[in-house]
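Heads up, the thing below is written out as structure tokens.
Protein chains get the first letters and strands the later ones, always in sequence-line order, with residue 1 at the start of each. Atoms considered below: every heavy atom in the structure, side chains included; atoms not considered: hydrogens, waters and symmetry mates.
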Number of protein chains: 2
Amino acid sequence: MYGVPTETQRGTVTTREEVARAALELADRDGIDALSMRRLADTLGVGTMTLYGYFRSKSELLGGVVDAAVDDREDLPTQGPWRGCLRDVVLTARRSMLRHPSLVETRMRQPVLRPEALRFAEATMTILTGAGMDREAAARTFRLLFTFLFGYAALSPAGDVEQAGRSARAALSALPPDDYPALASAVDEAAGAMGGEETFAFGLELILDGVAARLDHSTAQR
Amino acid sequence: MYGVPTETQRGTVTTREEVARAALELADRDGIDALSMRRLADTLGVGTMTLYGYFRSKSELLGGVVDAAVDDREDLPTQGPWRGCLRDVVLTARRSMLRHPSLVETRMRQPVLRPEALRFAEATMTILTGAGMDREAAARTFRLLFTFLFGYAALSPAGDVEQAGRSARAALSALPPDDYPALASAVDEAAGAMGGEETFAFGLELILDGVAARLDHSTAQR
DNA sequence: ACCTGAACACCGTTCAAGT
DNA sequence: ACCTGAACACCGTTCAAGT
């Protein structure tokens with residue numbers, strides 16, 4: 001139906017984890033829209049309804065997909081100067097998202113409150129309160145970093161980056177220069193800011209500058 | 001089929017814009033998943049295929065929805081001190097998103113490069129380059145603000161904020177305190193940072209602090 | 001006990017036929 | 001010319017039946 005099943009063509013599935021891993025692989029490769037109960041069952045060589053023996057619903061399956069994606073994550077550093085630590089934590093999460101694109105797509109469909117996924121929150125809170133930030137500001141800063149990470153990934157061009165860049169450049173060039181003078185004289189820069197790790201790094205460092213300004217503030221107030 | 005059609009029960013649709021406005025209304029009210037060609041046609045009192053006379057595909061319809069949502073947007077200020085201006089521009093965009101939740105959901109499904117939607121980019125670039133930032137940094141800062149705006153809206157609890165807060169609190173409280181000491185001692189703060197305009201304002205001001213740090217830098221270098 | 005085909009209520013879109 | 005019902009290839013999930 002959907003071409004040759006890539007693996008685990010066994011006739012019988014053994015564990016819940018195995019189903020989740022196959023779902024993660026399928027979603028990472030072909031996108032979240034390609035992850036249907038029917039297609040996943042086909043890939044595993046079982047009937048569609050068999051999957052409901054492992055997960056009560058597709059929503060629960062997506063939870064399992066998140067767990068499977070977070071499973072192979074690297075350790076998060078919390079020792080040392082706050083700026084380097086926080087940068088490493090964010091970049092580690094970023095790498096995790098690049099490795100598992102479906103992690104982002106899944107989070108856009110439903111909130112994630114699983115313990116493993118909260119490790120990032122824990123590390124961020126530890127670093128920031130350790131640097132002298134109060135708990136409320138630390139929690140809000142965590143939310144900002146979280147928004148930046150997921151937002152950046154979700155709003156990045158999905159497939160062909162080259163193609164997306166050309167589309168952006170074409171749209172910007174077609175703008176009437178009288179109405180859009182700033183964009184008209186910065187077509188290259190605006191199109192360039194559409195994607196790439198440099199733009200991500202720029203945003204991260206700017207946020208870290210903002211955090212530094214906050215920490216100076218509270219230190220000065222003491 | 002879907003209950004009583006709310007309005008424009010006319011039998012015949014007149015314009016492309018009318019279809020787009022009805023689609024926007026449906027998506028804003030019941031969510032983007034509720035916006036199907038069949039259901040929209042029902043709402044308008046026409047056959048499903050009639051819609052394809054106005055939009056070649058659903059993707060094109062979603063473009064029309066964005067146009068309809070952006071149509072009633074307020075003017076963007078670009079005169080005066082950069083910080084107040086930039087804040088106003090971001091808050092104006094924020095209001096637009098709160099008025100039309102489907103704007104965010106639509107953007108998550110496909111990129112938006114329509115002239116009207118690029119007004120936000122134009123205003124941001126004008127303010128930042130006017131304040132002395134080079135075009136590349138300005139473009140990247142725009143991307144950060146854009147990411148923050150859409151990311152914040154997309155990752156906010158969708159429906160009942162109270163209910164989402166309770167779920168978050170429950171998940172955080174259930175965490176083993178030995179493994180999550182920072183979160184365990186900041187359950188209220190972490191749950192509170194899940195939603196609300198104060199958290200949005202905090203993130204925005206922190207980013208503005210980061211921008212200020214960049215502007216000081218380049219001024220000092222001169 | 002475990003697995004699953006058929007069925008139900010949905011999708012977007014093509015195609016051919018109605019007026 | 002404009003509109004649209006039927007059909008096709010998909011969805012998630014319930015239910016009853018198979019082993």
Side-chain angles (χ1 to χ4, degrees), chain A residues 1-5 8-20 22-24 26-27 29-66 102 105-106 108-111 158-159, chain B residues 1-5 8-20 22-24 26-27 29-66 102 105-106 108-111 158-159:
Chain A
M1 262 293 193
Y2 293 103
V4 184
T8 52
Q9 174 78 319
R10 220 165 301 171
T12 337
V13 189
T14 48
T15 68
R16 188 179 155 98
E17 282 69 30
E18 193 175 350
V19 175
L24 174 64
L26 178 57
R29 194 180 53 234
D30 296 340
I32 195 77
D33 288 334
L35 174 55
S36 71
M37 300 302 268
R38 290 166 136 100
R39 187 161 165 182
L40 177 59
D42 265 22
T43 304
L44 290 166
V46 298
T48 305
M49 294 318 299
T50 305
L51 298 181
Y52 285 83
Y54 297 93
F55 296 93
R56 261 195 295 268
S57 65
K58 184 169 185 186
S59 175
E60 203 177 277
L61 171 67
L62 290 178
V65 168
V66 172
S102 62
E105 297 177 293
T106 304
M108 293 295 151
R109 273 173 172 60
Q110 59 185 232
Chain B
M1 265 288 197
Y2 294 102
V4 184
T8 52
Q9 174 78 315
R10 218 165 301 171
T12 336
V13 188
T14 48
T15 66
R16 186 179 157 98
E17 282 68 31
E18 193 176 348
V19 175
L24 173 64
L26 177 57
R29 194 180 54 235
D30 296 341
I32 195 78
D33 287 336
L35 173 55
S36 72
M37 301 302 269
R38 290 167 137 100
R39 187 162 165 181
L40 177 60
D42 265 21
T43 304
L44 290 165
V46 298
T48 305
M49 294 318 299
T50 305
L51 298 181
Y52 286 83
Y54 298 91
F55 296 94
R56 260 194 297 268
S57 64
K58 186 171 183 184
S59 174
E60 203 177 277
L61 171 67
L62 289 179
V65 169
V66 171
S102 63
E105 296 176 296
T106 304
M108 292 296 152
R109 274 176 171 58
Q110 58 185 233

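- The partner of D:dC15, taking Watson-Crick or G-U wobble pairs whose two distances both stay under 3.5 Å, is C:dG5.
- Between A:L61 and the options A:F55, A:Y54, A:Y52, a side chain to side chain contact (heavy atoms under 4.5 Å, CB included) holds for only A:F55.
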Residue pair A:T48, A:L40: steps toward the side chain to side chain contact (heavy atoms under 4.5 Å, CB included) verdict:
CA-CA 8 Å; A:T48 305; A:L40 177 59; over 6 Å; no
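- Considering every non-hydrogen atom in both B:R39 and B:D30, the closest pair reads NH2-OD2, 2.8 Å.
- In this structure, A:V65 and A:A23 approach most closely via the heavy-atom pair CG2-CB, 3.6 Å.
- For A:K58, the listed nucleotide lying nearest its side chain is D:dG12; candidates were D:dG12, D:dC11, C:dT13.
- Across all strands shown, D:dC10 forms no Watson-Crick or G-U wobble pair with both key distances under 3.5 Å.
- Within the model, atoms OG of A:S102 and CG of A:L62 stand 9.0 Å from one another, a figure rounded to the nearest 0.5 Å.
- Atom CD in A:E60 sits about 14 Å away from atom C1' in D:dT13, given to the nearest Å.
- The distance from atom CG of A:L40 to atom C1' of D:dG12 is 13 Å, rounded to the nearest whole Å.
- Among the nucleotides D:dC11, C:dC11, C:dT13, the one closest to any side-chain atom of B:S57 is C:dT13.
- At whole-Å resolution of the value, CZ in B:R109 and P in C:dG12 are 11 Å apart.
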Please determine whether side chain to side chain contact (heavy atoms under 4.5 Å, CB included) holds for the pair A:R16 and A:E60, giving the CA-CA distance in whole Å, both sets of side-chain angles, and the decisive distance to 0.1 Å.
CA-CA 11 Å; A:R16 188 179 155 98; A:E60 203 177 277; 3.4 Å; yes
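- Rounded to a whole Å, the CG atom of B:L35 is 8 Å from the P atom of C:dG12.
- Distance, B:D42 CG to D:dG5 P: 10 Å, rounded to whole Å.
- Spacing between atom CG of A:D30 and atom P of D:dC11 amounts to 12 Å, rounded to whole angstrom units.
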How does protein contact run along nucleotides 14-19 of chain C, one letter per nucleotide 5' to 3', with B for base contact, S for sugar-phosphate only, - for none, heavy atoms under 4.0 Å?
B-----
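- Closest approach to the A:R38 side chain among D:dC11, D:dC3, C:dT13 is made by D:dC11 (side chain taken as heavy atoms from C-beta onward).
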